[in-house]
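Reviewing the structure listed below.
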Amino acid sequence: MTVTAPGQPRPLLRVSNLTVDALTPEGAKRVLDGVGFELAEGETLCLAGESGSGKSLTSLSIMRLLAKASLRMVAGSIKLEGRELTSLTERRMRDVRGGEIAMIFQEPMTSLNPVIRIGDQLAEAIRTHQRLDAGAARRAARDILDAVHMTEPARRLEQYPHELSGGMRQRVMIAMALSCRPKVLIADEPTTALDVTVQAQILKLMRELKVDFGASLILVTHDMGVVAEMADRVAVMNGGRIIETGTAIDVFETPREAYTQELIGAVVRLGAHTGTDGPPRVTMPAPEPAPGAKKPRPIVEVIDLGVTYRGKGGWFGAGAAGFSAVRNVSFTVPAGGTLGLVGESGSGKSTTGRAVLGLVPFAGSVVLDGQPIEDLGPREMKPLRRVAQMIFQDPYASLDPRMSVGAAIAEPMAIHRTGSSSERWDMVAELLRRVGLAPEAASRFPHEFSGGQRQRICIARALALRPKLIVADESVSALDVSVRARVLDLMLELQETMGIAYLFISHDMAVVERMSHHVAVMRAGEIVEIGTRREIFESPRDPYTRELLAAVPHADPRTARRGGSKAAMSTRAAGSGRDAVGVTHPGFVEG
């Protein structure tokens, strides 16, 4: 099936009958089945669908980057300006990649070389396709970082990937893809790791690229707000097939397929819970406290938290000025409560979450389940690991690639000697079911899953010990809307039935509104505003909070095209000369 828009000019890219098999021990399994579409010059086509529906596989097939050991293209045609790409030699295809078709991958940390500086990686791509000398390539690298609104671009050229926040690494990937002005840009979840204000900047940048260079865009995303704002046409994928296509307005307003209706219905919309004080109940009413009962003891109490990282220079940075990543942060999270922590990339959210669990050195006081942890060593902290778990932002980096998914989920239970071996594997199967995966997935390895599926695995692993506190660092950012809705419902259900507390770190304001009892807004390492959910979302006091809310994209193409997402936010950082995303420091990973 080929998706063709009526009245379109000659397509720039034409994909026909794309069919791919996965090679498994049980035999070949069809994962793409007859996918086809056409992409015109200057057009944006959004591929939407759940994790595992075939969106990323379609993108990798166009780039001819399928893993030969596990995936095989068995049929299909891919033509760029009438030239058949499937018949090109690998050497000629390397000229096409980057020069004519470029791709922004979903997980920047796995796409960037960890031992090569950012400037050298950018310059390598530029020199490969533009035949510039080293000096000119270096200047072009700096210019493209500036174009994607990276603060201090000259300094970023000298840094390594681990020294940048998750959002900043994604901007490097976008800069690398744009550096050679490709005709077709394939963006696989390009804004997943970005906060709403930077997302607005990047989306605006992509629109400008289309206008300036006549580029076409294939946008793979689970964010229906981004689809509404960016798409000329939408192709909905399910089970390796395109099941519905149309203009953005048609697909959002009059979806034909039940699956498309479910996707749109599962969108978490900002303002949907206006007038309520806490997350919606998903299983049972909240119990009424007994008369005169004391408030529950906080699971976490943080007082004047500070985190400073030593700068470069001398032995282990001795003598160099330190960087203050977090300053004077104080809050409490009660049993069964959720504190949402929001702010731009580099604002200190992830560092705060890591400090709460004693994963980074800190100043101030952190009391975890009644136990001060600032003076505890690794041995004393071990029992508290059962109390508190963390879901990290990058699921691929959180899973051992040599360990099966089932073994990874069972490992915390084995370390803490919870249950027998058979009981642990029963729990693994149950946890996989609860996060929307089949129990049979336990025998597979992380690389065999999509980004969203890997994030579900990390959530299952965090739940294995039934902790009292979960620090969720962008825990649903990689999930498509329907799975996100199920996982959020699961987290709320666990909170009600088990009394779990959440420190919920996210850049998705609509998700924070749904999940949180209280919200703290961070900027440049400090909390600029904290209050109840209703106070923050219905009557924000700080201008920065109002800017974050204004930048949220609307899952309505008519509203988005009237400027409902406030894409002009991108001019804020450029005009002021200051962007909180640029707050980073040598030698530390922040997201």
Side-chain angles (χ1 to χ4, degrees), residues 1-20 31-49 53-66 71 73-90 92-106 129 174 176-190 206-221 226-227 230-237 240-248 251:
M1 170 183 166
T2 300
V3 179
T4 308
Q8 283 279 12
R10 178 184 175 185
L12 177 66
L13 179 72
R14 175 177 288 162
V15 177
S16 306
N17 192 36
L18 183 59
T19 304
V20 174
V31 288
L32 286 184
D33 190 2
V35 170
F37 57 84
E38 294 180 349
L39 184 70
E41 290 186 3
E43 181 185 33
T44 296
L45 173 69
C46 284
L47 299 181
S53 63
K55 307 185 302 296
S56 295
L57 273 180
T58 300
S59 304
L60 292 171
S61 299
I62 294 170
M63 299 290 288
R64 283 185 45 187
L65 291 175
L66 295 177
L71 294 165
M73 180 176 170
V74 297
S77 170
I78 303 169
K79 292 184 178 180
L80 177 65
E81 295 184 316
R83 178 176 45 160
E84 181 61 59
L85 299 185
T86 61
S87 61
L88 293 183
T89 64
E90 179 59 26
R92 292 185 63 188
M93 192 63 200
R94 282 198 297 266
D95 293 331
V96 173
R97 295 189 197 108
E100 298 181 64
I101 305 178
M103 187 166 179
I104 304 166
F105 292 93
Q106 181 175 1
H129 297 285
I174 293 169
M176 191 176 293
L178 299 180
S179 62
C180 297
R181 293 178 168 82
K183 298 173 183 176
V184 177
L185 180 63
I186 302 174
D188 188 358
E189 302 286 2
M206 290 182 176
R207 287 193 295 269
E208 290 172 349
L209 178 74
K210 286 177 55 182
V211 173
D212 294 343
F213 303 104
S216 301
L217 177 64
I218 298 174
L219 182 60
V220 176
T221 182
V226 172
V227 172
M230 294 292 292
D232 297 312
R233 286 187 300 130
V234 181
V236 180
M237 296 193 69
R241 298 183 179 185
I242 291 178
I243 62 168
E244 181 168 355
T245 186
T247 66
V251 169

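Just so it is clear, the model here is predicted, and its values are computed rather than measured.
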Exercise. Run the numbers on Met237 and Ile243 for side-chain contact (heavy atoms from CB on, under 4.5 Å), then give the verdict.
Key: CA-CA 6 Å; Met237 296 193 69; Ile243 62 168; over 6 Å; no
Exercise. Keeping the roles fixed (side chain from Thr86, backbone from Ile78), state whether a donor-acceptor pair exists under 3.5 Å.
Key: no
Exercise. Would you check if the side chain of Arg14 reaches a backbone N or O of Gly82 as a donor-acceptor pair within less than 3.5 Å?
Key: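 No: the side chain of Arg14 does not pair with the backbone of Gly82.
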May I ask you to decide whether [X] forms a salt bridge with [Y], counting only side-chain N to carboxylate O separations under 4.0 Å?
X	Y	answer
Lys183	Glu81	yes
Arg83	Glu100	yes
Glu38	Lys79	no

How close do [X] and [Y] get, heavy atom to heavy atom, and via which atoms?
X	Y	value
Leu32	Ser61	CD1-OG, 3.9 Å
His129	Arg94	CE1-O, 3.4 Å
Thr89	Arg64	C-NH2, 4.3 Å
Leu85	Ile62	CD1-O, 4.2 Å
Pro190	Val220	CD-O, 3.9 Å
Val251	Thr245	CG2-C, 4.2 Å

Quiz item: What's the verdict on side-chain contact (heavy atoms from CB on, under 4.5 Å) for Leu39 and Thr44, showing C-alpha distance, side-chain angles and the deciding distance?
Solution: CA-CA 8 Å; Leu39 184 70; Thr44 296; over 6 Å; no
When rounded to the nearest 0.5 angstrom, what is the spacing between [atom1] in [X] and [atom2] in [Y]?
X	Y	atom1	atom2	answer
Thr58	Ile242	OG1	CD1	6.5 Å
Leu47	Ser59	CG	OG	6.0 Å
Leu71	Leu60	CG	CG	8.5 Å
Leu12	Glu43	CG	CD	10.0 Å
Leu219	Glu189	CG	CD	8.0 Å

Self-check item: Pairwise side-chain contact, Val20 with Val74, heavy-atom cut-off 4.5 Å (strictly under)
Solution: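 Result no, sub-4.5 Å side-chain heavy-atom pair not found.
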Quiz prompt | Test log, rule side-chain contact (heavy atoms from CB on, under 4.5 Å), inputs Arg233 and Cys46 | solution = CA-CA 6 Å; Arg233 286 187 300 130; Cys46 284; over 6 Å; no
Quiz item: For Arg92, does the CZ atom have more than 12 heavy-atom neighbours from other residues, nucleotides or ligands under 6.0 Å away?
Solution: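 Atom CZ in Arg92 is not packed in, count stays at 12 or less.
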Quiz item: Under 6.0 Å from the CZ atom of Arg241, do we count more than 12 heavy atoms belonging to anything else shown?
Solution: no
Quiz item: Among Ile186, Asp232, Leu185, which residue meets the side-chain contact (heavy atoms from CB on, under 4.5 Å) test with Leu217?
Solution: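 Exactly one option meets the side-chain contact (heavy atoms from CB on, under 4.5 Å) with Leu217, and it is Leu185.
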Exercise. Give a yes-or-no answer on whether the side chains of Asp188 and Ser56 include a donor-acceptor pair shorter than 3.5 Å.
Key: yes
Quiz prompt | Trace of the side-chain contact (heavy atoms from CB on, under 4.5 Å) decision for Val184 with Leu80 | solution = CA-CA 9 Å; Val184 177; Leu80 177 65; 4.0 Å; yes
